[in-house]
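Data block below; observations after.
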There are 2 protein chains.
Amino acid sequence: MDRFVSNYTLRLDAKGRVSIPAPYRAVLARDGYEGLYCYPALDQPAVDAGGNALLAEIEALITRYPHYSDERDAFTLALYGTSETLKIDTEGRVILPDTLKAHAGIADAISFVGLGHKFQIWEPGRFRAQLAEATGTVRALKKQLGSRVAAHEAHGARE
Amino acid sequence: MDRFVSNYTLRLDAKGRVSIPAPYRAVLARDGYEGLYCYPALDQPAVDAGGNALLAEIEALITRYPHYSDERDAFTLALYGTSETLKIDTEGRVILPDTLKAHAGIADAISFVGLGHKFQIWEPGRFRAQLAEATGTVRALKKQLGSRVAAHEAHGARE
DNA sequence: TTGACGACCATAAGGTCCCATGTTATCCCA
DNA sequence: TGGGATAACATGGGACCTTATGGTCGTCAA
C-alpha cells in the first residue's frame, strides 16, 4: 500500500517514546524519507506528519506565491519554521518534542490518523470528537450529492 | 466476472477469521488490489469493502472538493481515517478489526452482499431486515415508475 | 557528575503462515 | 445418465514471526 489509512491509538512509554504504526512505517519506507517530517497543523490541535510526499505538498503550497511576497514569507515561516524531522529509532519509535505535544495537548497516548499522503497525530479524546464531527459533515454532504446523483441517473446514465 | 454479485453468509472461526467468498476473491484478484480495502458505511450498520475500484470511488468523492477546504478535510478524515486495508491470508480469509465489527454489530457470522463495484459486510440478521425493507421500497418505486422504465428499456438499455 | 539521549536487549500479545480436515460442487467415464 | 473420482472451498489448529512496549547500559554534553 502506498498511502496512510486507518487510525491507531498507541501509548507513550516512560521516556516519551511512541511506536509509529507498522503500516505507516511501511509507507514511509516506500516513500524513501529518512525520519519523520512533521509540524503543527495550521488550524487543528494536531500534528501533521509524513515523508517526501508531504514535503512536496508543502513546497507546492509555498511556490504558489511569488518570491519575496508577504504570503510566501508567511507560509515559509509558519511551515518550514515550525517543522521538525524526527529520528526513528531501531524499533520504529519517535520522541515528540514538547512544542508539538503541547500544540496537540498530548499526554500519555496518541492517535495516528491516516489521511492518504500524510497522517496526523492527535490526542485520542480530541480525535474522537473531531472524527464524530467530520463524520456528521460527510453524512450531510453526501446526502446533498445523493440527490444530485439521483437526478443524474434519471437521465439514463448507468454508472 | 468483474463485479461483486449475490450474497453469502459465512461464519467466523475461533480466531475471528472469515473466508471471503471465492467469487469475490476472483473479482478482487482481477481488480489487482493487494488486500481488502474497507471502511464503515456512512449511513448503515455495515462495512463497505472492495479493491481499487472502491478506492477510486473514494478518491473521486474527495477530490470533488478543493484542496484545503473544510469539506475536503472532513471527507479525508472520515474516509481515509476510518479505512482499513485488511490482509488476506493464504486461505483467502481476513480478520475484521473490532471497530468494524462493532459498527456492524457482528458477532460470529457475517453476510457478504455484492453491490457491483464493491460489496458490503452485514450482521446476517440486520441484512435480512435491510433486504426486506429495500425490497418493499423497490416494489413501490417500480410500480410508480413502471411506465417510464418501460419506455426507457425500449431504447435498448441493458439488463 | 548528572541528566538526557541513543543503541541495544527482553517479552507478551497478537497476527501470519502453513498444514490438515470435512463437506460440497464439479468433472469424467462407464 | 448415474455414480465415483476429483477438485474447490470453508473451516480448524499449531508453529512461528512481527509488533508494541518496557527496560538496561553506555555515551556525550552541560
Side-chain angles (χ1 to χ4, degrees), chain A residues 1 4-30 34-38 47 49 84-102 106-114 119 121-124 127, chain B residues 1 4-30 33-38 47 49 83-102 106-114 119 121-124 127:
Chain A
M1 193 33 170
F4 301 102
V5 296
S6 186
N7 66 85
Y8 307 87
T9 298
L10 301 177
R11 288 181 312 151
L12 282 74
D13 68 15
K15 296 166 81 174
R17 299 175 297 187
V18 64
S19 295
I20 298 173
Y24 290 8
R25 292 206 298 266
V27 177
L28 288 169
R30 177 162 322 196
E34 190 67 22
L36 181 66
Y37 182 79
C38 56
V47 177
E84 316 248 6
T85 300
L86 306 186
K87 277 188 292 282
I88 302 179
D89 74 13
T90 45
E91 276 72 36
R93 292 177 288 197
V94 294
I95 298 184
L96 284 181
D98 288 339
T99 52
L100 292 181
K101 286 206 284 191
I106 287 167
D108 63 349
I110 72 181
S111 292
F112 293 85
V113 189
F119 63 90
I121 294 173
W122 287 78
E123 189 281 320
F127 167 60
Chain B
M1 194 37 163
F4 301 103
V5 294
S6 185
N7 68 85
Y8 307 85
T9 298
L10 300 177
R11 289 181 310 147
L12 281 74
D13 69 16
K15 293 163 94 173
R17 299 176 297 189
V18 64
S19 294
I20 298 172
Y24 290 8
R25 292 208 298 266
V27 178
L28 287 170
R30 175 162 318 201
Y33 188 77
E34 189 69 19
L36 181 67
Y37 183 80
C38 55
V47 177
S83 296
E84 313 262 358
T85 52
L86 306 186
K87 186 152 224 161
I88 302 179
D89 73 13
T90 42
E91 276 70 39
R93 292 175 288 195
V94 294
I95 300 183
L96 284 182
D98 288 339
T99 52
L100 293 181
K101 286 205 284 191
I106 288 167
D108 63 350
I110 72 180
S111 292
F112 294 85
V113 188
F119 63 90
I121 293 173
W122 286 78
E123 189 280 321
F127 169 58

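Sequence lines set the chain letters: A, B, ... in the order given, protein chains first and strands last, and positions in each chain run from 1. Since the structure is predicted, the reported quantities are computational estimates derived from the model, not experimental observations.
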For [N], does either OP1 or OP2 sit under 4.0 Å from a side-chain N or O belonging to [X]?
| X | N | result |
| --- | --- | --- |
| B:Arg17 | C:dG14 | no |
| A:Lys15 | C:dC5 | no |
| A:Arg93 | C:dA7 | no |

Could you state the [atom1]-[atom2] distance from [X] to [N], rounded to the nearest angstrom?
| X | N | atom1 | atom2 | answer |
| --- | --- | --- | --- | --- |
| B:Tyr8 | D:dT11 | OH | P | 13 Å |
| A:Ile110 | D:dT21 | CD1 | P | 10 Å |
| A:Glu91 | C:dC8 | CD | P | 9 Å |
| B:Lys87 | C:dG14 | NZ | P | 19 Å |
| A:Leu86 | C:dC5 | CG | P | 13 Å |
| A:Asp89 | D:dG22 | CG | C1' | 13 Å |
| A:Asp108 | D:dT21 | CG | C1' | 14 Å |
| B:Tyr24 | D:dA8 | OH | C1' | 18 Å |

Next item on the list: Among the candidates C:dT16, C:dC19, D:dC9, find the nucleotide nearest to the side-chain atoms of B:Ala22.
Entry: D:dC9
Checklist line | Nearest-nucleotide pick for B:Leu10, side chain only, options being D:dT11, C:dC8, D:dA20 | finding: D:dT11
Notebook entry, point to check: What does B:Asp13 touch in the nucleic acid at a heavy-atom separation under 4.0 angstrom: a base, only the sugar-phosphate, or nothing?
Noted result: sugar-phosphate
Check: When all nucleic acid strands are considered with a 4.0 Å heavy-atom cut-off, which category describes A:Ile20: base, sugar-phosphate, or nothing?
Finding: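 If one applies the 4.0 Å heavy-atom cut-off, A:Ile20 turns out to touch the sugar-phosphate alone, with no base involved.
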Interatomic distance, [X] atom [atom1] to [Y] atom [atom2] [nearest 0.5 angstrom]:
| X | Y | atom1 | atom2 | answer |
| --- | --- | --- | --- | --- |
| B:Leu86 | B:Ile95 | CG | CD1 | 9.0 Å |
| A:Tyr24 | A:Asn7 | OH | CG | 6.5 Å |
| B:Thr90 | B:Lys87 | OG1 | NZ | 11.0 Å |

Check: Would one find more than 12 heavy atoms of other residues, nucleotides or ligands at under 6.0 Å from atom CG of A:Asp89?
Finding: yes
Next item on the list: Evaluate whether atom CD of A:Glu91 has more than 12 neighbouring non-hydrogen atoms of other residues, nucleotides or ligands under 6.0 angstrom away.
Entry: yes
